[in-house]
Each structure stands twice: as C-alpha cells, then as structure tokens.
K.L.:
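Below you will find the structure I want to go over with you.
So you know, we letter chains A, B, ... as the sequences are listed, proteins then strands, and number each from 1.
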Amino acid sequence: MNINRLSWINIIRNPFNTMLSLLLMAFGVGIISLLLLLNKSVEEKLQGNLNGIDMVIGAKGSPLQLILSSIYHIDNPTGNILLEEVNKIKSNPMVESTIPLSFGDSYKGFRIVGTTHAYPKLFQVNFQAGKLWDKSMQVVIGSDIVEACQLKMGSTFYSSHGLVEGGEIHNKHAFKVVGILDKSNTIIDQLILTNSESISAVHNHKKDSNHTHEGVVGSCSDDHSEMITAMLVKFRSPVGFISLPRQVNETTNLQAAVPAFEISRLISLLGLGVRSINMIAFFIIIVSGLSIFISLYNSLKRRRYELALMRVHGATKLQLVKLVFQEGMLISILGLFLGILFSRLILYLVSFFIDHNYSFYSIQLSLIKEEFWLFPIALFVGFIASLIPIIQAYYINIPKTLSNV
Amino acid sequence: MLKTEGLTFSYNSSHIFTFPDILLQQGEDLLILGDSGVGKTTLIQILSGLLSPHSGFVEMNGTRFQDLSSKSLDQFRGSNIGMVFQQSHFVRNLSILDNLLLSLYLSNKLQDKKRAIHLLQEIGLADKLNNMPDELSQGEQQRAAIATALIKTPDLILADEPTSSLDDNNCQKIITLLKEQASLTNAKLIIITHDQRLKDQFNTSIEL
C-alpha cells in the first residue's frame with residue numbers, strides 16, 4: 001500500500017465522476033487532435049500536388065474551379081480552350097515550360113488524362129512496372145487504380161464518357177496498360193495517363209454518334225482545330241507571377257489562375273471553420289477541468305476526516321498533497337491519451353467510408369508536432385483543477401476535523 | 001515514559017482549560033474521566049501533538065513535542081502513538097486489511113501482511129479482511145479501527161471515547177481488547193471518556 005496505489009484506487013472506486021471527467025477531457029483533446037490531423041493532411045495533400053506548377057491556364061470561369069479541376073482533379077473543368085491560342089503564351093520569354101492536359105473521360109470513376117511525358121515527371125514518381133506510353137491508346141495507371149479496377153500490365157479497357165461512373169462507353173477504342181506507377185501519395189495515384197492524341201481519337205467518332213460533348217474535350221469542335229482542357233505553366237523566375245497572370249486574363253479569352261494564391265485562399269476559408277471548432281474543443285477541455293475540480297472537491301469534502309486520519313497515522317502534508325494532485329493529474333493524462341486514441345480511431349473509420357476519389361486521408365498514427373501542444377494544455381488544466389483541493393488538503397485542520405464528528 | 005506539566009489551552013480568552021499533570025510509565029494504564037465540555041478532546045489532541053498547549057509541555061520517551069518541527073512531529077506521532085476515536089473512521093475506498101497496511105505505510109513501518117491478518121484474526125475479524133469498512137457493523141468497525149491503531153505497535157495508545165456509542169456487551173469487549181493489546185506490546189494506554197461504565201476497570205484514573 002502506498003500513496004500512488006491509493007490515488008489509483010480512489011479514481012477507480014469513483015467510476016461515474018471519473019468517467020465524466022475522463023470523457024470530457026478525451027472529447028476535447030480528441031476533437032482538437034482530429035482537426036489538427038485533418039488540417040495537416042489536407043494541407044499536405046494540397047501543397048504536395050503543387051510542385052512545379054506556377055500557373056494554370058484554362059477557359060474563363062471560377063479560378064478556384066480551374067485549380068481544383070486541373071491540379072487536384074476534384075471538380076469539373078471550366079471548359080475547353082484552343083491549343084493554338086495557348087501556344088501563344090508558351091512562347092512568352094517568362095515561361096519556362098508548359099504541360100497540356102485534356103480530360104473528360106473516365107474508367108470506373110478514375111479520370112483519364114491526356115498529357116505529355118512531362119506530367120508524370122512533375123511528380124517524380126517511379127514505375128512499378130512497364131514504362132511511359134510511346135503511341136496512342138497506351139496508358140500508364142496510378143497505383144490506386146491497380147487494386148480498385150483489377151487492371152494489370154497488358155490489360156485493355158474502354159473509357160466511358162464523363163468524369164463519373166455510368167457514362168456512355170466509348171466501345172470503339174480500347175486503352176491498353178503499358179505502365180504502372182509507384183505509390184506517391186499524390187493525385188497521380190488515382191489518374192490514368194495517356195497522350196493527348198488518344199483523347200482526341202476516342203472522341204473523333206462523334207460524327208457517327210449523336211451524343212453531345214458538352215464540357216468534354218477532344219477535337220470536338222467543328223473546325224477541327226485542336227482543343228485541350230488546361231495548361232500547367234512553370235515560370236522562369238518569380239517575376240512571372242507579377243505580370244503574366246494579369247496579362248492573360250486581360251488580353252485573351254483564356255483564364256490564368258495562380259494555384260499558390262487560390263489554395264492559400266481556400267485554406268484560410270477552411271481555417272475559419274477549423275478555428276471555431278477548435279474554440280469549442282478548448283471550451284470542452286476547460287469544462288473537463290471544471291468537472292475534475294468539482295469531483296475532486298466533492299470527494300475531498302466527503303474525505304476530510306479520511307485525510308485527517310491519514311495525518312494522525314503519520315502522513316505528512318506533502319503526502320496528502322501528492323495524493324490529491326495525482327488523482328487530478330491521472331484523470332487528465334488518461335483523458336489526454338484517450339482523446340488522442342479517439343482521433344486515430346475516428347480517422348481510421350472515416351477513411352473506410354470516404355470515396356476513393358477524394359481520399360485526402362492517409363492515416364497518420366504517430367503524433368504530429370502540433371499535437372504536442374495538447375500535453376502542456378491537458379496537464380495545465382489538470383493542475384489548475386487540482387489546485388484548490390490541494391490547498392485544502394495542505395491546510396486541513398486536524399483537531400477541528402477530528403472534533404467535528 | 002509520558003510526562004506532562006502545567007498544560008493549559010484556550011479557544012478564546014473567556015475560558016481557559018487547565019489540565020492536571022500526568023506521569024505514565026511503560027505498560028501503565030490511565031483512565032481520564034470527565035463530562036462534556038471539560039476539554040477531554042482538547043487534552044487528547046495535545047497529548048497526541050495535534051494541538052500545541054498555550055503553556056506547559058508534553059514529553060514522551062525524552063522527546064518534548066514543542067522541540068519537533070511539524071513534519072517530524074507528524075512522523076513521531078505516526079510511529080509512536082496509536083489513536084482510537086469515538087467514531088471509527090477509515091479510508092473508505094480501501095478494504096479493512098488495506099487500511100491496516102496503509103497505517104503501517106504512513107508510519108514508515110514494514111507492511112507485514114501476515115501480522116496484519118494475524119491481528120485481525122485475534123480481534124475476531126478473520127472473515128472481514130477484504131470487506132469494505134462500510135460493510136461492517138458498528139462494533140466490528142470499532143474493533144477494526146483499534147486494529148489500525150495497534151498494528152504499528154505504538155508506545156502510547158490514546159483512546160478518545162472508544163466506547164460511548166457501544167452497548168454494554170461491545171463496550172466490555174473493546175476495553176478488554178485495548179488492555180490486552182496494550183499489555184501485549186508493553187504500551188501505555190490512556191482512555192479519555194465520560195463513560196462511567198469504565199470507572200471500575202482501571203486502577204488509575206483522573207477526573208477532569
């Protein structure tokens with residue numbers, strides 16, 4: 001028998017009070033930890049796909065939509081643009097390189113993107129098997145697709161019209177898998193890549209079919225001039241940011257959007273929501289501190305005689321302080337770990353139900369550095385909650401307590 | 001040896017308690033009788049070092065309480081004085097046996113489980129070892145409380161109204177138990193009470 005064991009016994013012999021304090025602490029910590037994890041994973045995912053893309057050119061519309069559709073492949077494209085018009089920008093001295101993107105078709109919900117070899121190189125991704133395409137109708141697939149669509153090297157498939165499942169099947173032109181990419185935790189894991197000509201080829205049958213191609217690319221225009229969906233641009237120097245986007249927006253029919261700018265705008269919009277939920281979670285932690293305080297205070301009121309008795313048995317003041325302090329701290333530390341465990345568990349469950357196209361959630365079980373703030377916060381709340389009961393235990397008046405039988 | 005001289009105490013200036021001097025050798029018993037309000041509880045707290053007297057001193061085995069710091073007095077009391085109260089009190093979340101072990105722990109003595117079980121058997125609580133204090137009858141609780149005071153083999157046993165809330169039968173049992181255990185360990189025993197039933201049971205008694 002010792003003080004440590006007594007603290008522990010006092011906690012478990014008081015299950016309802018302990019549970020209440022524990023759950024409040026765990027909820028507060030859990031919500032904050034969950035938000036921190038989600039925030040970090042979304043930000044990482046957003047920033048991770050931005051490498052080497054300084055500007056995106058596409059049809060007029062919402063700049064955010066253009067960025068979301070052409071970089072993250074999570075929104076519909078703003079429309080099609082004429083390749084020859086974009087090529088004028090390509091010759092601008094401030095432009096270092098460009099990558100054309102054409103899309104509008106999909107296979108089992110995964111987007112098929114017509115581009116050049118420069119696009120996969122942007123992601124610095126290696127091959128699991130095979131190599132890049134060298135003629136039309138050959139595709140390289142991202143690692144997530146292998147499992148989801150049961151495709152392997154040499155498999156063939158027909159694309160379907162539109163970006164979601166259930167579109168009309170283009171059953172005249174079959175794609176053939178010639179390469180499989182390694183997992184890179186970027187959007188390319190979920191893309192099917194081919195050359196731009198393949199996309200045109202699939203859509204060239206439009207003459208003998210009567211479906212319409214609104215919003216979808218290929219060489220669908222009547223004048224047979226080539227069209228693409230968007231163009232990714234890399235600048236030679238940061239000076240490009242100042243003049244080029246404005247120049248494109250003001251003097252052409254095209255739209256230029258700077259992803260870094262649009263994404264920081266998006267993150268700050270999201271951040272507003274995150275901050276208010278954070279406030280609520282902090283409030284829950286404070287309430288949990290209050291609950292720890294009330295339960296310690298009440299149990300101490302009932303145990304006044306007990307503490308006095310321990311002093312009579314020879315306990316020092318410090319031993320009583322240690323007893324009360326440990327009870328408060330044990331609950332906050334247990335609540336802290338329970339909360340961190342909660343957030344992992346919820347994230348794990350959520351990742352099961354999220355559509356693979358939007359899987360921003362790669363589960364992170366290890367602690368992230370922002371979470372380390374939760375430790376001093378939880379300990380501080382536990383300490384403050386125990387403070388008044390500790391002072392009471394320290395100054396307990398033994399004769400008076402013993403006489404008030 | 002326990003010795004007090006010229007002890008006085010007052011809670012306010014209008015009434016001052018003056019206590020007779022006490023001299024008690026090892027193994028001796030003393031009954032202090034007095035009605036309510038004559039300062040019985042005050043005296044027992046002074047004798048245990050929980051209250052400091054306004055004048056006079058308490059000396060036990062050559063140590064004067066006033067010479068000790070508050071911390072060493074706590075430890076001195078823990079290892080040398082066993083106290084029994086009118087209402088028996090325990091650490092309510094611990095079993096009877098664990099209460100005895102806690103008493104040993106707090107007085108810095110070896111937590112000898114065998115001895116604790118043996119003592120509980122001796123006082124007739126063999127089947128209540130692992131019961132919670134609330135589950136015992138009042139007589140059993142008082143016996144268990146005495147066990148928590150005796151387990152650390154104190155030099156001095158101070159009992160404050162140990163029998164007042166007990167019936168005749170239990171009263172007799174408790175007194176016999178206290179006297180037996182005191183003589184077994186050669187401890188001094190002081191009982192302070194207004195319970196006139198105890199008058200004939202002690203050779204030495206003082207009226208307050």
K.L.:
Could you grab the distance from atom CG of A:L309 to atom CE of B:M83, nearest 0.5 Å is fine?
P.N.:
9.5 Å
K.L.:
Measure across B:S103 and A:H313 and return the closest heavy-atom pair with its distance rounded to 0.1 Å.
P.N.:
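Heavy-atom minimum between the residues: OG-ND1, 3.7 Å.
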K.L.:
Looking only at non-hydrogen atoms, find the nearest pair between A:E306 and B:R92 and report the distance.
P.N.:
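The answer is OE1-N, 2.9 Å.
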K.L.:
Report which part of A:R302 has an atom under 4.5 Å of a heavy atom belonging to chain B: side chain, backbone, both, or neither.
P.N.:
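For A:R302, the contact with chain B is made by backbone and side chain together.
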K.L.:
Does any backbone or side-chain atom of A:L307 lie under 4.5 Å from a heavy atom of chain B? Answer side chain, backbone, both or neither.
P.N.:
neither
K.L.:
Please check this pair: side chain of B:Q75 against backbone of A:G314, looking for a donor-acceptor N/O pair closer than 3.5 Å.
P.N.:
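Such a contact is absent between B:Q75 side chain and A:G314 backbone.
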K.L.:
How far does CG of B:L50 sit from OG1 of A:T401, to the nearest 0.5 angstrom?
P.N.:
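One finds 10.0 Å between CG of B:L50 and OG1 of A:T401.
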K.L.:
Looking at every heavy atom in both A:Y305 and B:Q87, which two are closest together, and how far apart are they?
P.N.:
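Nearest pair, atom of A:Y305 first, then B:Q87: OH-O, 4.2 Å.
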K.L.:
Please look at B:F90 and chain A and tell me whether the side chain, the backbone, both or neither of the residue comes under 4.5 angstrom of a heavy atom of that chain.
P.N.:
backbone
K.L.:
Taking side chain as everything from C-beta outward and backbone as N, CA, C, O, which of these in B:T148 sits under 4.5 Å from a heavy atom of chain A? Side chain, backbone, both or neither.
P.N.:
both
K.L.:
If we only count heavy atoms from C-beta on, is the A:Q319 to B:Y105 side-chain gap below 4.5 Å?
P.N.:
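A:Q319 reaches B:Y105 side chain to side chain.
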K.L.:
Can you tell which of A:N397, A:L318, A:T316, A:V312 has the highest number of heavy-atom pairs within less than 4.5 Å of chain B?
P.N.:
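The residue among A:N397, A:L318, A:T316, A:V312 with the greatest pair count is A:V312.
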K.L.:
Without swapping roles, check the side chain of B:Q111 against the backbone of A:M1 for a donor-acceptor pair under 3.5 Å.
P.N.:
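Yes, B:Q111 side chain to A:M1 backbone: donor-acceptor pair under 3.5 Å.
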K.L.:
Hey, what do you get for CG (B:D74) to CG (A:L320), rounding to the nearest 0.5 Å?
P.N.:
9.0 Å
K.L.:
Tell me, for B:S107 versus chain A, whether the close heavy atoms (under 4.5 Å) come from the side chain, the backbone, both or neither.
P.N.:
both
K.L.:
What are the two closest heavy atoms between A:I9 and B:N93, and how far apart are they?
P.N.:
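Smallest heavy-atom distance, with atoms named: CG2-O, 3.4 Å.
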K.L.:
Can you check whether B:M132 reaches A:R13 side chain to side chain, under 4.5 Å on heavy atoms?
P.N.:
yes
K.L.:
So, taking the atom named CZ in A:R5 and the one named CG in B:L102, what distance separates them when rounded to the nearest 0.5 Å?
P.N.:
10.0 Å
